[in-house]
Amino acid sequence: MTCPRIFPGLVLWIALSAPSMAQYVGREQDVTGLRLGQRVLVDDGTCPAGEVKEISGAKMTSSGVMPARKCIPRLGPKKK
């Protein structure tokens, strides 16, 4: 009886959590086609130790999506 109730919740949880994963790139120039709300983590060494730069599609303008940049704590080991 509980399986029919758990399965839709599990599918919904997976669907909502997958887009929130940010991708890593090595250079800010590699970020192309940024969408509104998308997050990209840039590991180019411009942030202090233990942090990584996050670029997110913050605001829609007439010329496209305007990115916002900030340093956030690195979660886990350094990615290559």
Approximate separation, where rounding is to 0.5 Å, of [X] [atom1] and [Y] [atom2]:
X     : Y     : atom1 : atom2 : result
Cys47 : Arg69 : SG    : CZ    : 11.5 Å
Leu34 : Arg39 : CG    : CZ    : 12.0 Å
Lys53 : Asp43 : NZ    : CG    : 10.5 Å

Please find the pair of heavy atoms, one from [X] and one from [Y], that lie closest to each other, and give the distance.
X     : Y     : answer
Val42 : Glu28 : CG1-N, 3.6 Å
Leu36 : Met60 : CD1-N, 3.9 Å
Gln38 : Val40 : NE2-CG2, 4.0 Å

Q: Go through Asp44 and Arg27 one step at a time and tell me if the side-chain contact (heavy atoms from CB on, under 4.5 Å) criterion holds.
A: CA-CA 6 Å; Asp44 59 0; Arg27 300 179 312 162; 5.6 Å; no
Q: Please test Leu41 against Ile72 for side-chain contact (heavy atoms from CB on, under 4.5 Å), starting from the C-alpha separation and ending with a verdict.
A: CA-CA 9 Å; Leu41 300 176; Ile72 62 169; 3.7 Å; yes
